[in-house]
Amino acid sequence: MRLSGTRHDAPNWKASYRVAEAVVTPERIALDWIENGVRYHLLAHSKDGGLTYQGNYGMFRPEAQWTIELTRYTAVDGAVLLMAKWYEKDSGNEGSSMFELKLS
């Protein structure tokens, strides 16, 4: 299903970025968001039928050093909430994000 929405970052959850497009299936998530004028791309796969996903993200394309784990919650109307933990191995940066997605 094709979705769009917003991304919020911990700890205050106030900073939000526009999710331009997301495709969410039980097997994978492909998601693009715009952060400070730069397009980021996330690609993650599920081994449990669509509850949890593991993958990578990066500027323009996924980077091997930038990892992400997501948990998916789907509403009756098709809206999706993704809770994410991310880690950038090269810089040591880490954090949590939330993606709120609705049908496009």
Side-chain angles (χ1 to χ4, degrees):
M1 78 181 88
R2 289 197 181 279
L3 305 146
S4 59
T6 56
R7 174 187 160 190
H8 307 273
D9 292 329
N12 60 21
W13 303 106
K14 291 182 182 178
S16 64
Y17 305 101
R18 181 176 67 87
V19 175
E21 182 177 21
V23 177
V24 179
T25 71
E27 295 80 29
R28 75 181 192 112
I29 295 171
L31 187 147
D32 291 331
W33 76 91
I34 309 300
E35 184 174 328
N36 301 319
V38 177
R39 181 176 288 268
Y40 284 76
H41 182 69
L42 176 158
L43 183 61
H45 293 87
S46 178
K47 294 180 182 175
D48 61 13
L51 177 61
T52 61
Y53 298 79
Q54 295 79 37
N56 301 85
Y57 68 98
M59 291 182 212
F60 311 110
R61 67 184 182 287
E63 299 286 344
Q65 296 290 314
W66 293 9
T67 62
I68 192 161
E69 296 178 5
L70 304 112
T71 302
R72 173 184 167 186
Y73 302 91
T74 305
V76 175
D77 66 359
V80 173
L81 180 70
L82 300 171
M83 297 302 296
K85 290 190 282 186
W86 51 268
Y87 178 64
E88 297 174 358
K89 294 176 185 175
D90 54 352
S91 68
N93 292 333
E94 61 184 331
S96 298
S97 297
M98 175 177 63
F99 296 89
E100 289 182 286
L101 307 172
K102 297 183 180 181
L103 293 171
S104 300

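Atoms NE2 and CD, on His41 and Glu21 in that order, are 10.0 Å from each other to the nearest 0.5 Å. Atoms CZ and CG, from Arg39 and Asp32 in turn, are 4.5 Å apart once rounded to the nearest 0.5 Å. Rounded to the nearest 0.5 Å, atoms CG (Asn93) and CD (Glu88) are 5.0 Å apart.
Heavy-atom minimum distance, Leu70 versus Ala44: CD1-CB, 3.8 Å. Annotation for Asp48 and Thr52: closest pair OD2-OG1, 2.6 Å, computed over non-hydrogen atoms. Closest non-hydrogen pair, Thr67 versus Ala64, comes out as CG2-O, 4.1 Å. Arg72 and Gly50 make their closest contact through CD-O, 3.2 Å (heavy atoms, listed as atom of the first residue, atom of the second, distance). Annotation for Pro26 and Ser46: closest pair O-CB, 3.3 Å, computed over non-hydrogen atoms. Residue Leu3 comes nearest to Gly78 through the heavy atom pair CD2-O, 3.8 Å, listed as atom of the first residue, atom of the second, then distance.
By the rule that hydrophobic residues join a cluster once side-chain heavy atoms approach within less than 4.5 Å of another member, Leu31 and Met59 end up as members of one cluster. Cluster membership for Leu103 and Val24, using ILVMFWY side-chain heavy atoms within less than 4.5 angstrom, is shared. Hydrophobic clustering of Ile, Leu, Val, Met, Phe, Trp and Tyr side chains at less than 4.5 Å, counting indirect connections, keeps Leu43 apart from Val23. Hydrophobic clustering (ILVMFWY, side-chain heavy atoms < 4.5 Å, transitive): Tyr73 and Tyr53 are in distinct clusters.
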Worksheet item: Is there a side chain to side chain contact (heavy atoms under 4.5 Å, CB included) between Ser16 and His8 once you walk through the steps?
Response: CA-CA 4 Å; Ser16 64; His8 307 273; 3.5 Å; yes
Item to complete: Show your reasoning for whether side chain to side chain donor-acceptor pair (under 3.5 Å) applies to Trp86 and Ser97.
Response: CA-CA 8 Å; Trp86 51 268; Ser97 297; 3.2 Å; yes
Discussion item. Between Leu82 and Leu101, does the side chain to side chain contact (heavy atoms under 4.5 Å, CB included) criterion hold? Intermediate values first, please.
Written reply: CA-CA 8 Å; Leu82 300 171; Leu101 307 172; 3.8 Å; yes
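Within the 4.5 Å cutoff, no side-chain heavy atoms of Thr6 are placed close to those of Val19. Ile29 places a side-chain heavy atom less than 4.5 Å from the side chain of Leu42.
With respect to Glu100 and Arg7, no salt bridge is recorded, no charged nitrogen being found less than 4.0 Å from a carboxylate O.
With hydrogens and angles disregarded, no donor-acceptor distance shorter than 3.5 Å links the side chain of Asn56 to the backbone of Pro62. In this structure, Asp9 contributes its side chain and Trp13 its backbone to no donor-acceptor pair below 3.5 Å.
Between Tyr57 and Trp66, the two ring planes are tilted [angle within 30° to 60°].
Partner of Tyr17 under the side-chain contact (heavy atoms from CB on, under 4.5 Å) criterion, out of Tyr40, Trp33, Phe99: Trp33 alone.
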